[in-house]
Amino acid sequence: MSIPPVVNNAGKLFNEDALNKIDKYVALSDEDLQSMLDQIREHYDRRRGQLGENDTGDHMSFFFLNRTLHLLGFTHSHNEPLPNETGKVDYTLFESPEDFLAHANGRATSQLFSGALALAKTVGWETDLDGGKPDEATPDHPAFELDDLLRQTGLHWAILTSGSKWRMYHRNTAAMLNTFYEVDLKTIIDENDLEGFKYFAMIFTKYGLIPDKSGRCVARNLLA
């Protein structure tokens, strides 16, 4: 199976030979994946009229992302303060409500983030994920902030999303700006593209980030 055009494995964050063997890594059955895609598409169809009204991350989160993260299996916490109290994390993603509650007393410390799978930063539905012109590295590039957030929280994985497009960054390479894994979820929804959705679900559901007994998750096993 070749990597579909809705996927951009920029800088070869993940091993491309492994990506071509996707069925080995996807944790869900085709039936479960189609059900998940159908639910996300139904949610999008209800909200598409509002998504273009205000191109901010908060607007997109309210109308699309909160429900979508739930469908992807995550328990999420919104606007958690960083340990040094210099800012907040848009979303902190946990495997389950139990994992969140077990660490909730550690808010504003590294204890909270030690129980999380990843963090996420949001931008508006139509916002360029590069924060400016393509290939133009500026201090405003969102990956600079993600790199800082990953180091402050101790997490390895960070998602940057407009809702329409999703990127995964790893702590070792986030500062390089051009090394990430991106999937165009809107096109997948519009085309009801189950094969493309496999490449999304493999990384952007909680099943791609839950560590196994060895401490390695699917995303970690795919790193180049």
Side-chain angles (χ1 to χ4, degrees), residues 4-11 13 36-37 39-74 76-79 87-93 117-150 155 157-170 173-174 176-193 196-197 199-206 208-209 219:
V6 292
V7 175
N8 178 14
N9 184 35
L13 175 65
M36 185 182 288
L37 176 56
Q39 291 179 78
I40 293 173
R41 187 175 66 253
E42 288 167 9
H43 174 55
Y44 169 65
D45 285 342
R46 289 194 299 269
R47 296 302 192 182
R48 69 168 73 214
Q50 288 97 1
L51 285 169
E53 293 176 352
N54 183 339
D55 199 30
T56 65
D58 286 344
H59 185 86
M60 181 277 294
S61 297
F62 180 80
F63 285 106
F64 183 74
L65 189 63
N66 290 334
R67 171 64 175 162
T68 300
L69 287 173
H70 173 73
L71 292 172
L72 297 177
F74 293 109
H76 69 261
S77 182
H78 194 42
N79 283 334
K88 295 184 178 181
V89 178
D90 289 352
Y91 285 88
T92 309
L93 307 179
L117 299 175
L119 60 87
K121 175 178 171 58
T122 61
V123 297
W125 181 258
E126 297 178 353
T127 299
D128 180 0
L129 294 187
D130 290 310
K133 296 179 181 179
D135 301 322
E136 181 180 325
T138 74
D140 295 325
H141 196 296
F144 283 121
E145 181 181 352
L146 290 177
D147 178 61
D148 183 57
L149 292 175
L150 287 169
L155 291 167
W157 301 101
I159 295 169
L160 173 65
T161 181
S162 64
S164 173
K165 291 185 178 181
W166 295 57
R167 283 184 185 175
M168 183 68 79
Y169 288 87
H170 186 263
T173 52
M176 296 171 64
L177 306 184
N178 62 353
T179 303
F180 54 81
Y181 179 80
E182 180 179 287
V183 181
D184 184 345
L185 180 60
K186 181 181 181 298
T187 296
I188 289 171
I189 294 170
D190 288 341
E191 298 179 358
N192 191 25
D193 178 6
F197 189 64
Y199 284 85
F200 177 84
M202 176 176 62
I203 298 299
F204 293 103
T205 63
K206 74 174 183 180
L209 297 173

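The model shown is predicted, which means the values in this text are computed figures rather than measured ones.
Tested against Trp166 for a ring pair (Phe, Tyr, Trp, His ring centres under 6.0 Å), the candidates Phe64, Phe180, Phe200 yield a single pass: Phe200. When the options Asp58, Asn54, Leu51 are evaluated for a side-chain contact (heavy atoms from CB on, under 4.5 Å) with Phe63, the one that passes is Leu51.
Under the 4.5 Å side-chain criterion, counting only non-hydrogen atoms from C-beta, Arg167 is in contact with Asp130. The side-chain heavy atoms of Asn66 and His76, taken from C-beta on, include a pair separated by under 4.5 Å. Counting only heavy atoms from C-beta outward, the side chains of Leu65 and Tyr91 approach each other to under 4.5 Å. Considering only heavy atoms from C-beta on, Leu155 stays 4.5 Å or farther from Leu149 through its side chain. With a 4.5 Å cut-off on side-chain heavy atoms, Leu177 and Phe144 count as touching. Inter-residue side-chain proximity for Asp193 and Thr187 is flagged as unmet; no heavy-atom pair is nearer than 4.5 Å. Contact of the Thr127 side chain with the Met60 side chain is not registered, since no non-hydrogen atoms from C-beta on lie closer than 4.5 Å. Taking 4.5 Å as the limit, some side-chain heavy atom of Leu209 sits within range of a side-chain heavy atom of Met168.
Note that CZ of Phe204 is 10.0 Å distant from CG of Leu72, once rounded to the nearest 0.5 Å. In this structure, CZ in Arg67 is found 7.0 Å from CZ in Arg46, a value given to the nearest 0.5 Å. In this structure, Asp90 CG and Ile159 CD1 are separated by 12.0 Å, a value rounded to the nearest 0.5 Å. Atom OG1 of Thr205 is separated from atom CG of Leu69 by 11.5 Å, given to the nearest 0.5 angstrom. Between atom NZ of residue Lys186 and atom CZ of residue Arg48 there is a gap of 7.0 Å, rounded to the nearest 0.5 Å. Between the CG atom of Asn178 and the NE2 atom of His141 there is a distance of 8.5 Å, given to the nearest 0.5 Å.
Considering only residues two or more places apart in sequence or on other chains, Trp157 meets the ring pair (Phe, Tyr, Trp, His ring centres under 6.0 Å) condition with His170.
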Test log, rule side-chain contact (heavy atoms from CB on, under 4.5 Å), inputs Phe197 and Leu185
CA-CA 8 Å; Phe197 189 64; Leu185 180 60; 4.2 Å; yes
What verdict does the side-chain contact (heavy atoms from CB on, under 4.5 Å) test give for Leu146 and Leu119, after you've listed the backbone C-alpha separation in whole Å, the side-chain angles of each residue and the deciding distance to 0.1 Å?
CA-CA 9 Å; Leu146 290 177; Leu119 60 87; 3.9 Å; yes
Please report the C-alpha distance between Thr68 and Tyr44 in whole Å, then the side-chain angles of each, then the deciding distance to 0.1 Å, and finally whether the side-chain contact (heavy atoms from CB on, under 4.5 Å) criterion is met.
CA-CA 9 Å; Thr68 300; Tyr44 169 65; over 6 Å; no
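Summarising the local packing, NZ of Lys121 is surrounded by more than 12 heavy atoms from other residues, nucleotides or ligands at distances under 6.0 Å.
Across all non-hydrogen atoms, the minimal contact from Trp125 to Ser164 is CZ3-N, 3.3 Å. Considering every non-hydrogen atom in both Ser162 and Gly124, the closest pair reads CB-O, 3.1 Å. Closest of all the heavy-atom pairs between Asn79 and Lys88 is O-CD, 3.5 Å. The two residues Lys165 and Leu129 come nearest to each other via the heavy atoms CB-CD1, 3.8 Å. Across all their heavy atoms, Ala143 and Ala174 have their closest contact at CB-O, 3.7 Å. Nearest heavy-atom pair across Tyr181 and Leu13 is N-CD2, 3.8 Å.
Panel note: side chain Thr56, backbone His59; a donor-acceptor pair is recorded below 3.5 Å. In this structure, Asp55 contributes its side chain and Glu126 its backbone to a donor-acceptor pair below 3.5 Å.
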